[in-house]
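Below: one structure, written as structure tokens.
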There are 2 protein chains.
Amino acid sequence: MREKNIDEVYLFQLEKAFKQFRKYKNGIFKERGIDITSDQWILLKRIHEEEGINQTDLARKAFKEPASVTRILDIMQKKGLVERHVVADNRREYQLFTSAEGKKLVEKLLPLAREIRATGTAGFTKTEVDQLHRLLERVFYNFNQ
Amino acid sequence: MREKNIDEVYLFQLEKAFKQFRKYKNGIFKERGIDITSDQWILLKRIHEEEGINQTDLARKAFKEPASVTRILDIMQKKGLVERHVVADNRREYQLFTSAEGKKLVEKLLPLAREIRATGTAGFTKTEVDQLHRLLERVFYNFNQ
DNA sequence: GTAAGTTTGTTGATATATCAATAATTGGCA
DNA sequence: TGCCAATTATTGATATATCAACAAACTTAC
């Protein structure tokens, strides 16, 4: 049997879709003059959803490595978007909070994020979006065994 | 309307599936003692499919930036997996070839790659794999406008 | 109460992604 | 022919991913 050409491989399509999404998102931020990256936005939104979260939990929930989270937070802290607060009864960890500026940015970006999600599934029925979601969950599950 | 929690967002699931796939693949290579990364393998396989391809075409077909291709090839060239040949009638570009060692590695990895693809869609019907592929194509298309 | 193990976060090294700038070469065209 | 534009590859800067090693703080078991 002939080896599949890589174009036909669903995993290559998965990679293409993800990369194109990231490019699109970064492009939208840039074109609106918003100085934030796709990954910084993920963390900012997460912290906003759960103010006071620590880095380990943040990493797990955002599906990032703790080391990456450390570095992305360093950048966002320099930009004044987030704050690390020491915890009274535990000197190992930080509680993370969005700054006032961070909160403003979240409010600005939430509708944009909604638009971006809608763009990706333009022309999809609700059923198709669910189908895609469930199929991706199963792929994730299969690779997570 | 409440803002969607990021877990529910299909785009987050897309990212998770892709990252988990990459981790799984890198893990398999590592566990078999094969000194190659997921991305190096993509390029190696592509060159093997089209010996003599130049970097621009390789970048387009592998869906990578030319700058990334330059650097990944540098690494693979050092490892002795690929060769850059000068072209007689065009001193700007190189023709890329897999080395003898590169070819051996391709033969070793092709069945592994097939297994990895199968792992990702374990429990899928053929229809579901096609469905996933087509849905991803449409997401890509939507973000590529 | 202390030693051993665990948790939390950081850092270093390496690989890849992206954008911008650049060098070298080639092609088109007046 | 000679200049300008396009092509090909590289490099620099910055951001992120991954793994390993580590330090500090905390927890557990004895």
Side-chain angles (χ1 to χ4, degrees), chain A residues 15-16 18-31 34-44 52-79 81-82 84-96, chain B residues 15-16 18-31 34-44 52-79 81-82 84-96:
Chain A
E15 178 160 1
K16 280 179 70 176
F18 170 65
K19 284 184 170 178
Q20 195 59 34
F21 153 57
R22 204 176 40 189
K23 268 185 219 175
Y24 181 84
K25 191 159 69 152
N26 282 327
I28 293 276
F29 291 163
K30 192 164 191 179
E31 131 196 340
I34 302 168
D35 178 29
I36 195 169
T37 66
S38 173
D39 293 292
Q40 290 166 20
W41 165 237
I42 289 171
L43 295 194
L44 183 63
I53 191 174
N54 72 16
Q55 294 189 196
T56 301
D57 287 347
L58 178 60
R60 201 178 53 253
K61 292 190 178 175
F63 204 63
K64 290 188 177 300
E65 295 295 315
S68 299
V69 168
T70 291
R71 282 154 180 148
I72 298 173
L73 287 178
D74 286 348
I75 294 171
M76 285 202 288
Q77 204 173 6
K78 269 193 206 125
K79 287 186 186 173
L81 295 175
V82 301
R84 284 173 164 114
H85 291 186
V86 295
V87 184
D89 59 342
N90 191 333
R91 281 182 299 173
R92 249 181 339 200
E93 61 182 314
Y94 299 110
Q95 285 191 315
L96 304 170
Chain B
E15 177 160 0
K16 279 179 70 176
F18 170 65
K19 284 183 171 179
Q20 195 59 35
F21 154 56
R22 203 178 39 191
K23 267 185 220 176
Y24 181 84
K25 192 160 66 154
N26 283 326
I28 293 276
F29 291 162
K30 192 165 193 178
E31 132 196 339
I34 302 167
D35 177 30
I36 195 169
T37 65
S38 173
D39 294 292
Q40 289 166 21
W41 164 238
I42 288 171
L43 294 194
L44 184 63
I53 191 173
N54 72 15
Q55 294 188 196
T56 301
D57 287 348
L58 178 60
R60 202 179 52 252
K61 291 189 179 175
F63 204 64
K64 290 189 177 298
E65 295 294 317
S68 300
V69 168
T70 291
R71 282 155 180 147
I72 298 173
L73 288 178
D74 286 348
I75 294 171
M76 285 202 289
Q77 202 173 7
K78 269 192 206 126
K79 287 186 187 173
L81 296 175
V82 300
R84 283 173 165 113
H85 291 186
V86 295
V87 185
D89 60 342
N90 190 335
R91 280 184 297 174
R92 248 179 341 199
E93 61 180 314
Y94 298 111
Q95 284 191 315
L96 304 171

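Lettering follows sequence order; numbering is per chain, from 1.
When the nucleotides dT10(D), dC19(C), dT18(D) are ranked by their closest atom to the side chain of Tyr94(B), dT10(D) comes out on top. The listed nucleotides are dG9(C), dT6(C), dA17(D); the one nearest the side chain of Lys19(B) is dA17(D). Counting only heavy atoms from C-beta on, Arg22(B) has its side chain closest to dA17(D) among dA17(D), dG9(C), dT8(D). In the set dG9(C), dT18(D), dT11(D), dT18(D) carries the atom at the smallest distance from any side-chain atom of Ala67(A). Of the listed nucleotides (dT16(C), dT18(D), dA25(D)), dT16(C) has the atom at the smallest distance from the side chain of Lys64(B). The side chain of Glu65(B) has dA17(C) as its nearest neighbour among dA17(D), dT7(D), dA17(C). The side chain of Thr37(B) sits closest to dA15(C) out of dA17(D), dA17(C), dA15(C). Side-chain atoms of Arg92(B) lie closest to dA24(C) of the nucleotides dA24(C), dT8(C), dA17(C).
Taking 4.5 Å as the limit, every side-chain heavy atom of Arg71(A) sits out of range of all side-chain heavy atoms of Lys64(A). A 4.5 Å side-chain heavy-atom check between Val87(A) and Tyr94(A) finds every atom pair outside the cut-off. No side-chain heavy atom of Phe63(A) sits less than 4.5 Å from a side-chain heavy atom of Glu15(B).
The nearest whole Å value for the distance from the NZ atom in Lys25(B) to the C1' atom in dT16(C) is 13 Å. Taking atom CG on Asp35(B) and atom C1' on dT14(C), their separation rounds to 12 Å, with Å as the unit. The CG atom of Leu73(A) sits 12 Å away from the C1' atom of dT10(C) (whole-angstrom rounding). Whole-Å rounding puts the Ile72(A) CD1 to dT11(C) P distance at 15 Å. The separation between Arg71(B) atom CZ and dA9(D) atom C1' is 11 Å, rounded to whole Å. Rounded to an integer number of Å, the gap from Lys23(A) NZ to dT16(D) P is 17 Å. Rounding to whole angstrom units, OH of residue Tyr24(B) and C1' of dC19(D) are separated by 20 Å. Whole-Å rounding puts the Asp57(A) CG to dT8(C) P distance at 7 Å.
Take the nearest nucleotide of DNA chain D for Lys79(A) and for Asp89(A): the residue whose nucleotide is more 5' is Lys79(A). For Ser68(B) and Pro66(A), each mapped to the nucleotide of DNA chain C holding its nearest heavy atom, the one lying further toward the 5' end belongs to Pro66(A). Residue order along DNA chain C, read from the 5' end via each residue's closest nucleotide, puts Thr70(A) first among Thr70(A) and Val69(B).
In this structure, Arg60(A) pairs ionically with Asp57(A), as a charged nitrogen and a carboxylate oxygen lie closer than 4.0 Å. Arg84(B) has a carboxylate O that lies under 4.0 Å from a charged side-chain N of Asp74(B), or vice versa, which qualifies the two as a salt bridge.
Between Arg84(B) and dT10(D), a side-chain N or O to OP1/OP2 separation shorter than 4.0 Å is present. In this model, the phosphate group of dT7(D) is not approached by any side-chain N or O of Thr56(B) to a distance below 4.0 Å at OP1 or OP2. Here Arg91(B) reaches the OP1 or OP2 of dT26(C): one of its side-chain N or O atoms lies under 4.0 Å away. Using a 4.0 Å cut-off, no side-chain N or O of Lys78(B) falls inside it from OP1 or OP2 of dA15(C). The side chain of Arg60(B) places no N or O atom within less than 4.0 Å of a non-bridging phosphate oxygen (OP1 or OP2) of dT7(D). Distances shorter than 4.0 Å separate none of the side-chain N or O atoms of Gln55(A) from OP1 or OP2 on dT7(C). Within the 4.0 Å cut-off from OP1 or OP2 of dT16(C), at least one side-chain nitrogen or oxygen of Gln40(B) is found.
Screening Leu58(B), Val82(B), Leu44(B), Leu43(B) for a side-chain contact (heavy atoms from CB on, under 4.5 Å) involving Ile72(B) leaves a single residue, Leu43(B).
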Original post:
Could you go step by step and tell me if Thr56(A) and Glu93(A) meet the side chain to side chain contact (heavy atoms under 4.5 Å, CB included) rule?
Top reply: CA-CA 9 Å; Thr56(A) 301; Glu93(A) 61 182 314; over 6 Å; no
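At a threshold of 4.0 angstrom between heavy atoms, the contacts of Asn26(A) with the nucleic acid are absent.
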